[in-house]
2 protein chains.
Amino acid sequence: MLPAPFPANHSPIIRKLESIFPLTDDERQALLELPIQVTAIKEDQDVVREGDRPSRSFAILSGMTCTSKVMGDGKRQIVAFGVPGDMPDIQSLHLKVLDISVTTLTPCSLGFITHEALWDLCLRSPRIAAAFWRETLVEGAAFREWILNVGRREAYPRMAHILCELLVRLHAVGLAEDHSCDLPITQVEFADALGITAVHVNRVFQQMRADGLIETRGTRLIVPDWERLKEVGDFDETYLHLLTTGGAAA
Amino acid sequence: MLPAPFPANHSPIIRKLESIFPLTDDERQALLELPIQVTAIKEDQDVVREGDRPSRSFAILSGMTCTSKVMGDGKRQIVAFGVPGDMPDIQSLHLKVLDISVTTLTPCSLGFITHEALWDLCLRSPRIAAAFWRETLVEGAAFREWILNVGRREAYPRMAHILCELLVRLHAVGLAEDHSCDLPITQVEFADALGITAVHVNRVFQQMRADGLIETRGTRLIVPDWERLKEVGDFDETYLHLLTTGGAAA
DNA sequence: ATACAGGATTAACATGGGTCAAAGACAGGC
DNA sequence: GCCTGTCTTTGACCCATGTTAATCCTGTAT
């Protein structure tokens, strides 16, 4: 029962931008004046679908999403998870037809902003445009790491790595503490994210529990030994390019 | 013996930007005035390395590169190939420490541009900044497809898919005709790109040859039946977001 | 309480692709 | 023509992960 409907506000967007790019007061103000339409949406709903041609993008104000692509034969690959502050389909501002679908993992509060308003803001404020560009570059770095994860790590370290990423990113937006967080992600979804089967996800989880690498209580994940999980997952958070480095999930 | 040292010029950069974003005369002129340092470099050289903090970025004027990451244990994953017009480390403009290495596959002519000059141009011309941003978004789409390829396709269609992508992208820059192109990529490199072993790359190639799906003469790739290769590779070029769609490698 | 549905777990068996190691093929340099 | 280094090819064997399909949970609705 994570996110109660959220008071309408832009703060997750601004916090996210500021977490990777310093803003002036004027710029913050310009962002606050963006016309934004806040919408609540249930879990397990597609917000946008592959092939859509949206006229607006959205930011996650609360809740979590996943971004996925499907193959001809129906197999699905999740390529990213979204946390508050993320704008999973910002690409649609420039690329007319979407190559991905975005699905809610939990009930979400989403803030929709028209492409027109975004374009206008970017033309008026080159530094804000640069901040968005920078966000896209950071997202690209995460995709590259995801490729490495899926392409070169075995299932066990692969899972460890993705758990590390999730924990650090959730921590960065205040949704994880004490190496623990709520992960509303089913084993089937982990399977689609890691490029393995749900059965094998289950095997890996059990081994990790047996090894004392993780504990689970319902959807809650607890990491008893963060350093060891990072080591198993070959995890180095540099690629996330957070300004608040250091004790990320510490 | 691909690329002879190239007369210094910006045209690959401009052509690339224009292939995904229409430019005005003024904007083209501003790009032409960018101070650019042209350098020839041999094959199999690292242009930049993971961990570097470059003060300039570069465009490929001729030749091909690959972009890769390595794991702690030395395993390498190639996450992208670069063709003329690409700027494989444009991210360093915003992200101080590089998360990838860029290596030449052939002798290359590279055009280096300082971050200062790029920043200056982007602040003066929001539309050019937007064009660069758009390039980054397209690059992101290619990463997402790469994740799907490595995560969900078996080795045979996975190879077919990457061959399709290479052929279409080389065709878009005039380096492929008649479903045929020069591919200066070793089997070890394909292995690192696909997340399989070189031995298995070899098995797949032989099967593809036996199936009449591809022919090779030295480094030259010939595709006798383009439609069939696309089908085997589950390839749909939409994700490349080229303006010149349709008969891409036709 | 009972029934249901989505998720988690198990087990038995199959296989794509990994590993290792040796041998061939080819190109460039002398 | 010969040497050397880099690619490619081959073969035997093995294991991480896929497949299938049944069973077991747990929370929620009736």
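The model shown is predicted, which means the values in this text are computed figures rather than measured ones. Below, chain A is the first sequence line, B the second, and so on; all start at residue 1. Note: hydrogens, waters and symmetry copies are ignored here, and every other heavy atom, side chains too, is used.
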**Item:** Secondary-structure notation, DNA chain D, from Watson-Crick and G-U pairs under 3.5 angstrom (| other strand)
**Value:** ||||||||||||||||||||||||||||||

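- Annotation: the span from B:His161 atom NE2 to B:Glu165 atom CD amounts to 7.0 Å, rounded to 0.5 Å.
- Per the geometry, CZ belonging to A:Arg203 stands 12 Å off C1' belonging to D:dC15, to the nearest Å.
- In this structure, B:Leu194 atom CG and C:dG18 atom P are separated by 10 Å, rounded to whole Å.
- Considering only residues two or more places apart in sequence or on other chains, B:Phe143 meets the ring-ring contact (aromatic ring centres under 6.0 Å, His included) condition with none of them.
- Distance CD (B:Glu154) to P (D:dA16): 19 Å, rounded to an integer number of Å.
- Atom P of nucleotide C:dT10 and atom CD of A:Gln187 are separated by 10 Å, given to the nearest angstrom.
- Between B:Ile196 atom CD1 and D:dT17 atom P the separation is 16 Å, expressed in whole Å.
- Under a 3.5 Å cut-off, the side chain of B:Thr104 and the backbone N or O of B:Lys42 do form a donor-acceptor pair.
- Inspection of the B:Asp236 and B:Thr238 side chains reveals an N or O donor paired with an N or O acceptor under 3.5 Å.
- Counting non-hydrogen atoms under 4.0 angstrom, B:Thr186 reaches the backbone sugars and phosphates but no base.
- A close approach under 4.0 Å does not occur between any side-chain nitrogen or oxygen of A:Thr197 and OP1 or OP2 of D:dT17.
- Contacts between residues 204-225 of chain A and DNA chain C, defined by a heavy-atom separation under 4.0 Å, are made by A:Gln206, A:Arg209.
- B:Leu183 contributes atom CG, which lies 5.0 Å from atom CZ of B:Phe190 (distance to the nearest 0.5 angstrom).
- Taken to the nearest 0.5 Å, the CD1 atom of B:Ile41 stands 10.5 Å off from the OG atom of B:Ser109.
- Remark: P of C:dA11 and CG of A:Asn202 are 11 Å apart, rounded to the nearest angstrom.
- Regarding B:Asp44, its CG atom lies at a distance of 10 Å from the P atom of D:dT6, rounded to whole Å.
- When the P atom of D:dT28 is taken as reference, atom CD of A:Glu43 falls 11 Å away, rounded to whole Å.
- Expressed to the nearest 0.5 Å, how far OG1 of B:Thr67 lies from CD1 of B:Ile100 amounts to 5.0 Å.
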